[in-house]
Number of protein chains: 2
Amino acid sequence: MRIGELAEQAGMTTKTLRFYEQAQVLPQPARTASGYRDYDETSLARLRFVRAAQGAGLSLAEIRTIITVREDQGPPCGHVTALLDRHAAALDERIAELEATREEVRRLRDRAATLNPAACSEDGVCHVIPTH
Amino acid sequence: MRIGELAEQAGMTTKTLRFYEQAQVLPQPARTASGYRDYDETSLARLRFVRAAQGAGLSLAEIRTIITVREDQGPPCGHVTALLDRHAAALDERIAELEATREEVRRLRDRAATLNPAACSEDGVCHVIPTH
DNA sequence: GTAAACGTTCCACCGCACGGCAAGGTCAAG
DNA sequence: CTTGACCTTGCCGTGCGGTGGAACGTTTAC
């Protein structure tokens, strides 16, 4: 199977496939006599796995560790479980940060609605955003 | 006032100040005869404003637009209000995305707890992450 | 006079997941 | 034989907010 064909089936570009190969989330395929990449049927399954893992917010580096663990030690369930736990915690933290920022933005928005533009002092940039 | 002094008072590095100048959120200061930057008292207020605006999640590019509007048209209240509204909407969207990802991660985590590692098929990478 | 502690410019790099383009090789159809 | 569609490698650019280092000039203290 040629690269363009696989890319089409996976809904990705050939660029992405070559990038995944370099990122070691897609194994180096066989080559034809003239140097063309020649993929087997397992490649599409691998690409689907990568996409599913990305859907869970995993980076290519993290996906690579799962693949490496699998190749070295068999089913990577323990590794994946720990990875997912860490990810859930990181997401909690990130969401909390964004929610705090959202609250700050809303506070400022309300402030903007009550302040008089004419009262904006000369020497600041904007009295809606307090500097302390 | 020299750059190191201002940096210390603002709790930033000299690198950051020069970067802000290039990003046009900090005006180009006067120079001494030998070419050293020579800041006035308004600079610290400006840096505090930048930091406060960053705290509300505004990018340097957005902060620059506020400053530009202020310089061109006076108090930028209307501009800032619109900016904050757009930001609140973007934050809502981003938080919703992350929450969806978090749900997906938790679903997978629960799945990992119930699946038998020995049942992991030979030809996939990890049966915890389904490739539907 | 000299050494330390500052200052200057410019260029490169970080993570992340690709996209664009160039210069060339290969393969099938007409 | 030629055209066009495909493939190869390689290197640079993207956005964001800086950080690091090199190579060199200035100021201050002793």
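Chain letters run A, B, ... following the sequence lines, proteins first, then strands; residues in each count from 1.
- Applying the side chain to side chain contact (heavy atoms under 4.5 Å, CB included) rule to Ala7(B) yields the partners Thr14(B), Leu17(B); only residues at least two apart in sequence or on another chain are considered.
- Whole-Å rounding puts the Leu17(A) CG to dT9(D) P distance at 13 Å.
- Atom-to-atom, CD1 of Ile63(B) to P of dC16(D) comes out at 12 Å; the value is rounded to the nearest Å.
- At whole-Å resolution of the value, CZ in Arg37(A) and P in dG25(C) are 17 Å apart.
- Rounded to whole angstrom, the span from the CD1 atom of Ile3(B) across to the P atom of dT26(D) amounts to 17 Å.
- Among pairs with a residue in residues 31-40 of chain B, those fulfilling side-chain hydrogen bond (donor to acceptor under 3.5 Å, both in side chains) read Glu21(B)-Arg37(B), Thr32(B)-Ser34(B), Asp40(B)-Thr42(B), Asp40(B)-Ser43(B), at least two apart in sequence or across chains.
- For Pro117(B), the side chain to side chain contact (heavy atoms under 4.5 Å, CB included) test picks out Cys77(A), with sequence neighbours left out.
- The side chain to side chain contact (heavy atoms under 4.5 Å, CB included) check on Tyr20(A) picks up Met12(A), Thr16(A), Val25(A), Leu26(A), Leu47(A), Val50(A), Gln54(A), Leu60(A), with sequence neighbours excluded.
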Under 3.5 Å between N/O atoms: give me all the protein pairs with nucleotides 16-20 of chain C, atom names plus distance.
{"residue": "dA17(C)", "atom": "OP2", "partner": "Leu60(A)", "partner atom": "N", "Å": "3.4"}
{"residue": "dC18(C)", "atom": "OP2", "partner": "Tyr20(A)", "partner atom": "OH", "Å": "2.5"}
{"residue": "dC18(C)", "atom": "OP2", "partner": "Gln54(A)", "partner atom": "NE2", "Å": "3.1"}
{"residue": "dG19(C)", "atom": "OP2", "partner": "Thr13(A)", "partner atom": "OG1", "Å": "2.9"}
{"residue": "dG19(C)", "atom": "OP2", "partner": "Thr16(A)", "partner atom": "OG1", "Å": "3.2"}
{"residue": "dG20(C)", "atom": "O6", "partner": "Lys15(A)", "partner atom": "NZ", "Å": "2.6"}

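- Taking the side chain to side chain contact (heavy atoms under 4.5 Å, CB included) definition, one finds that Ala96(B) meets it with nothing, sequence neighbours left out.
- For residues 79-95 of chain A, every residue pair satisfying the side-chain hydrogen bond (donor to acceptor under 3.5 Å, both in side chains) rule, not counting sequence neighbours, is listed here: Glu62(A)-His87(A), Thr65(A)-His79(A), Asp85(A)-Arg109(B), Asp92(A)-Arg102(B), Asp92(A)-Arg106(B), Arg94(A)-Glu97(A).
- One distance of note links CZ of Arg51(A) with CZ of Arg46(A); it measures 15.0 Å at 0.5 Å rounding.
- The closest side-chain heavy-atom distance from Pro130(A) to Arg111(A) is below 4.5 Å.
- Between the axis at the start and the axis at the end of the helix from dG1(C)-dC30(D) to dG30(C)-dC1(D) there is an angle of 40°, using five pairs per end and rounding to 10 degrees.
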*asked:* Does Thr114(A) form a side-chain contact (heavy atoms from CB on, under 4.5 Å) with Asp110(A)? I'd like the steps, not just the answer.
replied: CA-CA 7 Å; Thr114(A) 59; Asp110(A) 291 346; 5.9 Å; no
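- Against DNA chain D, the stretch residues 79-89 of chain A makes no heavy-atom approach under 4.0 Å.
- More than 12 heavy atoms of other residues, nucleotides or ligands shown are found within 6.0 angstrom of CD on Gln9(B).
- Looking only at side-chain heavy atoms (C-beta outward), Leu58(B) and Ile129(A) come within less than 4.5 Å of each other.
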Between the protein and nucleotides 27-30 of chain D, list the N/O to N/O atom pairs that are separated by less than 3.5 angstrom.
{"residue": "dT27(D)", "atom": "OP1", "partner": "Ser34(B)", "partner atom": "OG", "Å": "2.9"}

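- Between the CZ atom of Arg18(B) and the P atom of dC10(C) there is a distance of 12 Å, given to the nearest Å.
- The distance from atom CD of Gln22(A) to atom C1' of dC12(D) is 14 Å, rounded to the nearest whole Å.
- Put simply, the side chain of Arg18(B) never gets that close to the backbone of Ile3(B): no donor and acceptor are under 3.5 Å apart.
- Considering only heavy atoms from C-beta on, Ile66(B) stays 4.5 Å or farther from Arg70(B) through its side chain.
- Computed from coordinates, the Asp38(A) CG to dC27(C) C1' distance equals 15 Å when rounded to whole Å.
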_Could you go through Val128(B) and Leu84(A), starting from their C-alpha distance and side-chain angles, then the distance that decides it, and tell me whether this counts as side-chain contact (heavy atoms from CB on, under 4.5 Å)?_
CA-CA 10 Å; Val128(B) 169; Leu84(A) 292 175; 4.3 Å; yes
*Do Ser59(B) and Arg64(B) pass the side-chain contact (heavy atoms from CB on, under 4.5 Å) test, and can you show the C-alpha distance, the side-chain angles, and the key distance before you say yes or no?*
CA-CA 9 Å; Ser59(B) 68; Arg64(B) 183 174 54 221; over 6 Å; no
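- What separates CZ of Arg51(B) from P of dG18(D) is a distance of 11 Å, to the nearest Å.
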*Candidate pair Val125(A) and Glu71(B), rule side-chain contact (heavy atoms from CB on, under 4.5 Å), full reasoning*: CA-CA 9 Å; Val125(A) 172; Glu71(B) 284 169 355; over 6 Å; no
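- Of all the residues in residues 94-108 of chain B, not one reaches under 4.0 Å from DNA chain D with any non-hydrogen atom.
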Check: protein-nucleotides 2-5 of chain C nitrogen or oxygen pairs below 3.5 Å:
none

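- Proximity of Arg48(B) to Leu44(B): side-chain heavy atoms (C-beta onward) are separated by under 4.5 Å at one or more points.
- Counting heavy atoms from C-beta on, the side chains of Cys126(A) and Val69(B) never come closer than 4.5 Å.
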